[in-house]
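Contents: one structure, followed by commentary.
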Amino acid sequence: MSLQANDFELFDVPAQFVQDRAQLDARWKALQREAHPDRFAAEGAAAQRVAMQWSVRINEAYQRLKDPLKRAAYLCELRGAPVQAENNTAMPAAFLMQQMEWRETLDDTESAEGLENLADEVAAEQQRVLQELARWLDVDKDPAQAVGQVRALMFIERFTQEVNAKLDQLT
């Protein structure tokens with residue numbers, strides 16, 4: 001295995017959006033056991049440095065693969081359609097309208113029940129977007145279409161944090 005292998009190759013899992021989290025967790029533990037620097041203590045400092053590089057690489061890959069947003073963005077990039085969220089904020093008009101409605105609801109809601117209802121609505125949309133990502137990336141193999149859904153998921157995750165922060169203030 002090479003340090004330059006992509007995350008899916010490193011973890012020996014299919015290069016697809018839908019992943020088995022238990023399988024990822026088990027593979028991460030196995031890879032970390034193999035690469036742990038303590039296993040190379042008798043081989044000297046150079047071997048320990050290489051083991052440390054492997055350990056860092058394994059952790060980085062695990063962080064990308066276990067997180068649906070990071071995994072989707074990574075797949076888009078691997079397939080030639082980088083998300084470029086900092087340069088490209090284009091979103092469908094319907095999603096922009098939804099964002100504005102959610103934002104108004106967040107600003108106007110002062111009850112925990114109202115915020116919980118908003119959180120439920122946003123969570124349902126998040127599940128819909130995740131299903132769309134699975135379709136675009138795994139079934140249709142269309143990373144260019146998936147990019148828009150990745151940007152939508154980025155917004156949803158940030159907005160969910162805002163809703164939760166306001167909910168925490170009220171409770």
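Under the 4.5 Å side-chain criterion, counting only non-hydrogen atoms from C-beta, C76 is in contact with V150. No side-chain heavy atom of D67 sits under 4.5 Å from any side-chain heavy atom of Y74. Using a 4.5 Å heavy-atom cutoff, the side chains of Q145 and R135 are not in contact. Side-chain contact between L106 and R103: present, with at least one pair of heavy atoms (C-beta onward) separated by less than 4.5 Å. Annotation: side chain of Q99 is in contact with side chain of L96 (closest heavy-atom distance under 4.5 Å). Two residues are said to be in side-chain contact when any heavy atoms from C-beta on lie closer than 4.5 Å; Q98 and E121 meet this criterion. The closest side-chain heavy-atom distance from L65 to Q19 is not below 4.5 Å. A heavy-atom distance below 4.5 Å is not found between the side chains of V50 and F40.
The pair R21-D25 counts as a salt bridge, with a side-chain nitrogen and a carboxylate oxygen less than 4.0 angstrom apart. Remark: E60 does not engage R57 in a salt bridge, criterion side-chain N to carboxylate O under 4.0 Å.
Distance check, rounded to the nearest 0.5 Å: CD of E162 to CZ of R158 gives 8.5 Å. With rounding to the nearest 0.5 angstrom, the NZ atom of K166 is 13.0 Å from the OG1 atom of T171. Atom CZ of residue R151 and atom CD1 of residue I156 lie 13.0 Å apart, to the nearest 0.5 angstrom. Note that the CD atom of E132 and the CZ atom of F17 stand 11.0 Å from one another [nearest 0.5 Å]. Distance check: N164 CG to E116 CD gives 10.0 Å after rounding to the nearest 0.5 Å.
Nearest heavy atoms, M91 versus G148: CE-O, 4.0 Å. Taking every heavy atom of both residues into account, L31 and L10 meet most closely at CD1-O, 3.7 Å. The minimum heavy-atom distance linking F11 with L24 is given by the pair CE2-O, 3.7 Å. Taking both residues in full, the closest heavy atoms of L170 and L115 are given as CD1-CD1, 3.3 Å, listed atom of the first, atom of the second, then distance. Of all non-hydrogen atoms in V18 and A134, the two that sit nearest each other are CG2-CB, 3.8 Å. Residue A15 comes nearest to R79 through the heavy atom pair O-NH2, 2.7 Å, listed as atom of the first residue, atom of the second, then distance.
Side-chain N/O atoms of D7 and Y62 include no donor and acceptor closer than 3.5 Å.
Other residues, nucleotides and ligands contribute more than 12 heavy atoms inside 6.0 Å of the NZ atom of K66. A 6.0 Å sphere centred on CD of E77 holds no more than 12 heavy atoms belonging to other residues, nucleotides or ligands.
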Report task. Determine, step by step, whether T109 and L118 satisfy the side-chain contact (heavy atoms from CB on, under 4.5 Å) criterion, reporting the C-alpha distance in whole Å, the side-chain angles of both residues, the deciding distance to 0.1 Å, and the verdict. Result -> CA-CA 9 Å; T109 302; L118 177 59; 5.6 Å; no
Requested in this report: Given side chain to side chain donor-acceptor pair (under 3.5 Å), test E34 with W54 step by step and report yes or no.
Outcome: CA-CA 9 Å; E34 290 175 32; W54 270 105; over 6 Å; no
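Using bins of under 30°, 30° to 60° and over 60° for the plane-to-plane angle, the ring pair W102/F95 lands in the perpendicular bin.
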